[in-house]
Structures are given as structure tokens and as C-alpha cells.
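Everything below concerns the one structure shown next.
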Amino acid sequence: MGIEKSETGLGRRDLLKLSAAAGVAIAGAALVGQKPASAEGELSLKGKRIAISATGTDHFFDLQAYNAQIAEVKRLGGEPIAVDAGRNDGKLVSQLQTLIAQKPDAIVQILGTLSVIDPWLKKARDAGIPVLTVDVGSTNSLNNTTSDNWGIGKDLALQLVSDIGGEGNIVVFNGFYGVTPCAIRYDQLVNVVKYFPKVKILQPELRDVIPNTVQDAFAQITAILNKYPEKGSIKAIWSAWDIPQLGATQALAAAGRTEIRTYGVDGSPEVLQLITDKNSPAGADVAQQPAEIGRTAIRNVARLLAGDTLPRETYVPALLANKDNVSDVVKKLGIG
């Protein structure tokens, strides 16, 4: 098979090497700002009340991080005050107000639209309550535990561009630009695509929704396929997280358009399972480690309350899973 060349001069094989190298860099990255593992046994939250505020727990990432945080607070001898807003912004604001009134020793916020939660994170800090976050880029957070979303976005985009040979139309879900990780991943896609003039993001972009994400993505992709019925008219479908990817993959299979590939982020087990199927349109998914992200956030709380200075962000490694390496990724994550 010949090596397809893009207008940048990079061939398909070159792009794959770049993507693989970047994936190794993320997978092997140390947790930024962390003490040596030998210091872990010194951490304690004995006598501390730690509030954990979740935007929702209906997604694999959210639930894993939330449950891991509760368990880690208990393991370190603290008392967790855990609340779940069920994807309702009004309830999220109300639960933050309630937590502030309870004056816990720290608050950890998991995800959320910045414009909704940031005023309340500021109120918490103004009340003297330390605020830490998971996947929230707020100046009111003393530490944000997350994946390297710049690396995630770049690696996923490179994989996509490589898989489509550096040319073709791609469909993009962009419904949650107000959520920091989604915005970063989208911006990185745009940054990569601009160097490949034969790759075009179809307009208008699609808006993914919560709830009923899978059903809505299925319906939107079915409509797009009816608008672009010729094979080759669409090469790939991208989303900032992998639940829209799940619905899109199902729609492609139902329509017999399995030549199109789908791409997403998070590492939900059902999506990774689709990637293992050589006949599935699921092309790649960047698998995060949400339970480890949750535990790390709580360990950072313990360090802060012990008087340590924390870095602005702590990065937990993520793994790019594609058709070639998905079995290894699943094994490493322990979810197979």
C-alpha cells in the first residue's frame, strides 16, 4: 500500500508515528507536582469534613471519579459530604450554596459549566473554604486535577487526520464549549486541522445534549447521512467526549456506513468494546483514568490541609486507544 501524502508533506505513516509518540508521552507522564510515592502513607484527613460536589454521575467518568473520591476521603480518615446535582444547573448552584453554609474543611467540585459554578466557587473561597476541582479551569480553584487535555485533543486529532489520509469532510459535535476540557479538546482539533487544508469541518457543527445523549447523537447523525448519502462524502465524526461517539457509531452501523470512523474521549467501557471490533466504525477513544483522577484530587486536599503548596494543575496520564492497541489499553486500565 502506498503512503498517502498530505499537503504538509507528512505521510500517513509519519502521522501515525507522531500520534503514537504523543500517546506514549502522555501515558508515561508523572503526576505534576506530586510528592514521591513514599509520602503517600503520611497523608491523613482524620477529623476533616470534605465536600464533594458532582455536576452529575450518569456518565462513566463522573461516576468513577465521584465514587473514588468518597472512598479516598474515608480511607484517609475523613468524613465525605457528597452531593450529586443530576445534571441540573439550578440544583448544582443550590448544593454549592448548602455546602458553603456547612463550612466543610474543603470543597472539591467535579466538572460543571464555568459560568454557572465559578461565582459559587469564589463565594466558597471568600468564606475561607479551600476549593479544589476536577476538570474545571477556574481561577478560584487552588488545584485542578485533570488529564492533559491539550495532549488529549492533539493526539485524537492526529489519529483522526492520519486515519482519513489527511483529507475529507468531518462532522463535529460541539455542544459543551463552556466546559473547560471540551473547549480545550475542540481547540486542539481546530489547531491540527488548519495544517491540513484538505480536511474540512462541516458546518453547522452539531450540538450534543444531556440527557438522552446517545439517542440524540443517533438521530443527528442519521439526518447527516441522509444529507450526505455518497460514500466518501464524510470521513469521520468527532466529539469531545465519547457518549455522542457511541450514538454516532450506532447510527453508522444501522445505516451501513461503516466506512466512516468515530472519535471521542473518556474511555467508557462500551466505546472501548466497540473499538475492539474490527468491523465497528469506532476508530479511537482517549481513555482517561477517572478513578485515579478522583483519588488524586482527594490526596491533594490532604496535602493542602497539611500545609503543602500545590501546583495549579495535576495531570493524570491518559491512553489513546485505537484499533491496533485497544486490547492493551483495556488491560492497563483494568476494565476488561
Side-chain angles (χ1 to χ4, degrees), residues 12-13 15-29 31 59-65 68 135 146-165 170-173 181-182 184-186 188-189 192 208 213-214 217 235-250 252-253 258-294 315-336:
R12 181 179 177 85
R13 189 172 298 163
L15 288 169
L16 282 170
K17 288 179 179 178
L18 282 171
S19 183
V24 169
I26 286 181
L31 299 182
H59 181 216
F60 174 78
F61 177 96
D62 311 341
L63 183 60
Q64 290 282 306
D135 268 4
T146 184
S147 301
D148 175 5
N149 286 292
W150 289 270
I152 283 175
K154 178 258 297 178
D155 290 348
L156 188 66
L158 281 173
Q159 180 76 56
L160 184 157
V161 169
S162 173
D163 288 349
I164 68 174
I170 62 176
V171 174
V172 168
F173 283 94
C182 296
I184 293 171
R185 296 165 194 167
Y186 173 83
Q188 289 294 78
L189 171 71
V192 168
D208 37 338
T213 307
V214 173
K235 291 290 191 69
I237 299 168
W238 179 98
S239 56
W241 53 309
D242 61 13
I243 301 306
Q245 180 185 10
L246 180 59
T249 302
Q250 292 175 353
L252 293 175
T258 55
E259 82 281 1
I260 301 171
R261 288 286 180 260
T262 66
Y263 299 82
V265 178
D266 276 333
S268 299
E270 57 268 46
V271 175
L272 293 177
Q273 183 59 44
L274 286 171
I275 294 174
T276 64
D277 181 356
K278 296 295 184 184
N279 297 317
S280 169
D285 190 32
V286 182
Q288 300 191 84
Q289 300 189 68
E292 184 58 28
I293 287 173
Y315 297 118
V316 175
L319 301 169
L320 175 65
N322 55 35
K323 293 289 190 186
D324 295 326
N325 73 351
V326 63
S327 296
D328 290 337
V329 169
V330 167
K331 189 179 298 183
K332 288 177 183 176
L333 294 174
I335 59 176

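A donor-acceptor pair is defined here as one N or O able to donate and one able to accept, closer than 3.5 Å; such a pair exists between the side chain of N325 and the backbone of L320. A donor-acceptor contact shorter than 3.5 Å is absent between the side chain of Q64 and the backbone of A291. The backbone N or O of W241 sits nowhere less than 3.5 Å from a side-chain atom of D266 that would complete a donor-acceptor pair.
The two residues A321 and L272 have their closest heavy-atom pair at CB-CD2, 3.8 Å. The shortest non-hydrogen separation linking P244 to S239 is CB-CB, 3.8 Å. Listed here is the closest heavy atom pair of A318 and V286: CB-CG1, 3.9 Å. Summarising the geometry of A157 relative to Q188, their closest heavy-atom pair is CB-O, 4.3 Å, with the distance given to 0.1 Å.
Every residue two or more places apart in sequence or in another chain was checked for a side chain to side chain contact (heavy atoms under 4.5 Å, CB included) with S327, and none qualifies. The side chain to side chain contact (heavy atoms under 4.5 Å, CB included) check on Q289 picks up E292, V316, P317, L333, with sequence neighbours excluded. Here Y186 pairs with Y177 under the ring pair (Phe, Tyr, Trp, His ring centres under 6.0 Å) rule; sequence neighbours left out. A search for side chain to side chain contact (heavy atoms under 4.5 Å, CB included) contacts involving T249 returns Q245, T262, L274, S280, P281, A282, not counting sequence neighbours. Shown here are the side chain to side chain contact (heavy atoms under 4.5 Å, CB included) partners of A236, two or more places apart in sequence or in another chain: L160, I164, I170, Y263. Applying the salt bridge (charged side-chain N to carboxylate O under 4.0 Å, His left out) rule to E270 yields no partners; only residues at least two apart in sequence or on another chain are considered.
One distance of note links CZ of F61 with CG of D135; it measures 4.5 Å at 0.5 Å rounding. Interatomic distance, I184 CD1 to L189 CG, rounded to the nearest 0.5 Å: 14.0 Å. One finds the CD atom of Q288 at 6.5 Å from the OG1 atom of T146 (value rounded to the nearest 0.5 Å). Rounded to the nearest 0.5 Å, atoms CD1 (I275) and NZ (K323) are 7.0 Å apart. Interatomic distance, NZ of K154 versus CG of N149, reported as 12.5 Å (0.5 Å rounding). Atom CD1 of residue I237 and atom CZ of residue F173 lie 6.5 Å apart, to the nearest 0.5 angstrom.
Put simply, the residue from V329, N322, V271 that forms a side-chain contact (heavy atoms from CB on, under 4.5 Å) with D285 is V271.
Side-chain atoms of Q159 and D163 form a donor-acceptor pair, as typed in the model, at a separation below 3.5 Å.
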